[in-house]
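Proteins come first, then strands; the chains are lettered A, B, ... in the order of their sequence lines, and each starts at number 1.
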2 protein chains.
Amino acid sequence: MTQTPSAKPRQTASKPASAAAGARKAGRGPAKTDMAGIAAVDGAADVEQRIYQSVFDGVLNQRLPPGTKLPEPALCALFGVSRAVVRKVLQRLEHDRIVELRPNRGAVVAAPTPEETRKIFEARRALEAALVELAVQRHSGKDIEELHALLHQEEEAMANAYQPAWAQTARNFHLRVAALGGNPILLAYLTELISRCSLIVALYEPAGNAACEHEEHCDIVDAISKGDAKRAVASMNAHLVGLEERICLERPSSVKTLAQMLNLA
Amino acid sequence: MTQTPSAKPRQTASKPASAAAGARKAGRGPAKTDMAGIAAVDGAADVEQRIYQSVFDGVLNQRLPPGTKLPEPALCALFGVSRAVVRKVLQRLEHDRIVELRPNRGAVVAAPTPEETRKIFEARRALEAALVELAVQRHSGKDIEELHALLHQEEEAMANAYQPAWAQTARNFHLRVAALGGNPILLAYLTELISRCSLIVALYEPAGNAACEHEEHCDIVDAISKGDAKRAVASMNAHLVGLEERICLERPSSVKTLAQMLNLA
DNA sequence: TTTCTTCAAATCGTCGACGATTTCATGAGC
DNA sequence: GCTCATGAAATCGTCGACGATTTGAAGAAA
C-alpha cells in the first residue's frame, strides 16, 4: 500500500513458518492492547518486511494510535514467527522513530511532541531545500516530464478525495523531486523524515485542503524546469511552512487526542 | 576514547555475564580473520556499547581494515556474551554503515567506494551549511566562548602531533558548532556522516596538515560570532571541500589498499 | 473509603541448540 | 598443470526456554 521506507535485501530461508500466519481472530481475548486489523495481507513475501509494513500502515491509518502497546508475543502469534524476528523488526521500527522501545517495558507506538514536530519540520525544510537546489542543477528534460505525470496523477487523486491515497501521491512527489538531487544519503534521511511527517499529519488529520498543496507542487516543478534555484527553494520552503502551520493550528482540540488518552493505560 | 555516535539508554540487567570478558589470547588459532586488539577495555559498563565502541575504534585506528570479517562466534568469545547480543550490535553497526551485513555470509567492515565518498561529503556539506546557518541565528555569547576553548584545545593537540587525538578534537569542533543549530535530528544525521567521514579519512591517512584546518575552524567561529551567515556558510563549505580534495588526491596509491586486498579473500 | 503491601500474571533480556547455507580444502578427471 | 566435483568445517537464521523485571490487581490496615 505505501512505499518502503527502509528496504533491505534479506532472504531468510529455512522453515515453513506459514503456520499461524493469517490468524487474526475477531473476538480478542483478555489482552488490553487493541491491535485489531494489523495482519492485513499474508502473501508469501518477506516476513520481516510484512511485519514492518503492517505496523507502519497501521500507524498511518490511525488504527494504531500513539501509545498503543505492541507486545512481542502478540506479534509473534499474529505473524507466526518467533520473537527473534519480531524483535529485529521492532529494533528497525525504533530506529525509524515509529515505535519507542522502553527497556524491559515493551514497545509502544511513538507519540511525537509538539517540540519534536517543530524540529522534524525544520529538519525537513533544510533537507528539501538542499535537495531542490541540487535538483535544479542536475535535472534533465525527461525528469520534468515524469514530474508532470506525477502532478497529473495528483489531480486525479484529488478528484477522488480519498485522503490516504492523496497523501500517498503527495509523498511520492516530494520523494521524486528529492531523487533528482542525485544524493542517496540525503534522500534516505529525507525519506525517514517524510515518513515521520506523514505519521504526524495522520494524527492531526488536516482535513485535506489538497487543492492549494497541488498548486504549490506545480509551482515548484515550474521553478525547477526553468532552472531558477532561488525560486524553487523559496517555493518549497513556503510549501512546507504552510503544511506545518496547517497542522499546528489543528493541534489543540481534535477528538483524536482524547481517544489516545482512553487508549493508553 | 571517542565519543558515542548513537547513544542509547539500555539497562540490560540480569546475569553476571563477566565470564570470558577480557579474553584476548595472544596466539590466535586457525581462524583467518585478524581481529587482534579489539577488546581493549573491560569495564563494568554496558556491554553492547562496549562492543560497538570497540569495533568503531578498531576501524578508526586501522586495526580493522575494510573487508575484515567479523564472525559472530569470535565476537561472542571475545566479549563473553551470546550471539543475540552480538547480533543486535551488528545490526546497529550496519545501520550506521560501519559494517556491511551480507545475508548468510556474515559481517564485514564497510569499504566506501569513491562514489560513495563523494556523496557522503556532499551530504555533509549540505547538512553543515544548514546547521551553521541556524547556529548563526541562535548562538549566544557563552557558546562562542566555548568554541574558543575548543579552538585552544585544538592548538594543544596540534602541538602534540598525535593524529588520532587531533582528529578527535576536530570532530568535536564540528559537532559542537552543529549543536548550536539547536536541531537534534539534523545533529544526529550529521553525527552519522562525520563518523563515516572519519572512517574514510582514517583509510586514506591524510598525513595531517592540521595547521590550515585549524585556521579554517577559527575563521568559521569568527564568522558565527559576528553574525555573518553568508560568510560562515561559505567558510564551512570551503573547509569541507578542502578536506575532501586532500583525501581524493591521496586516494590512488597508498599502501593501505594493497593491505586490504591481502586481507580479503 | 483510601492507601499501602503482597503476590501472581505478563512481558522482556539472554542463552544454548538445531537446521540451512556458505565456504574452503581435498582429490578426481582432462 | 589446471579445472571441476565432492565433502567437511565454519557460519548464519531461527527457534524454544529460563530467569529477571515490570505490571496490575487483590487484600489488609488506617
Position toward the 5' end of DNA chain D (nearest nucleotide), Arg87(B) or Arg102(A): Arg87(B)

Pair Glu116(B) + Lys119(B): basic N to acidic O under 4.0 Å: no

Spacing between Leu101(B) atom CG and dT22(C) atom P, to the nearest angstrom: 15 Å

Leu90(A) CG - dT11(C) P separation (whole Å): 14 Å

Distance in angstrom units between Glu72(B) CD and dA10(D) P, rounded: 16 Å

Short side-chain N/O contact from Arg105(A) to OP1 or OP2 of dC12(C), under 4.0 Å: no

Nucleotide of dT14(C), dC12(D), dC12(C) approaching Glu48(B) most closely (side-chain heavy atoms): dT14(C)

Ring geometry between His95(A) and His95(B) (parallel below 30°, tilted from 30 to 60°, perpendicular above 60°): tilted

dT14(C) OP1/OP2 closer than 4.0 Å to side-chain N/O of Lys88(B): yes

Out of dC15(C), dC15(D), dG24(D), whichever nucleotide has its closest atom nearest the side chain of Ser82(A): dC15(D)

Donor-acceptor pair, side chain of Asn183(A) and main chain of Ile185(A), under 3.5 angstrom: yes

Atom pair distance, as rounded to whole Å: CG in Asn104(B) and P in dA20(C): 12 Å

Euclidean distance, atom CZ of residue Arg83(A) to atom P of dA17(D) [Å, nearest integer]: 12 Å

Separation of dT11(C) C1' from Leu75(A) CG (nearest whole Å): 12 Å

Under-4.0 Å salt bridge between Arg125(A) and Glu244(A): yes

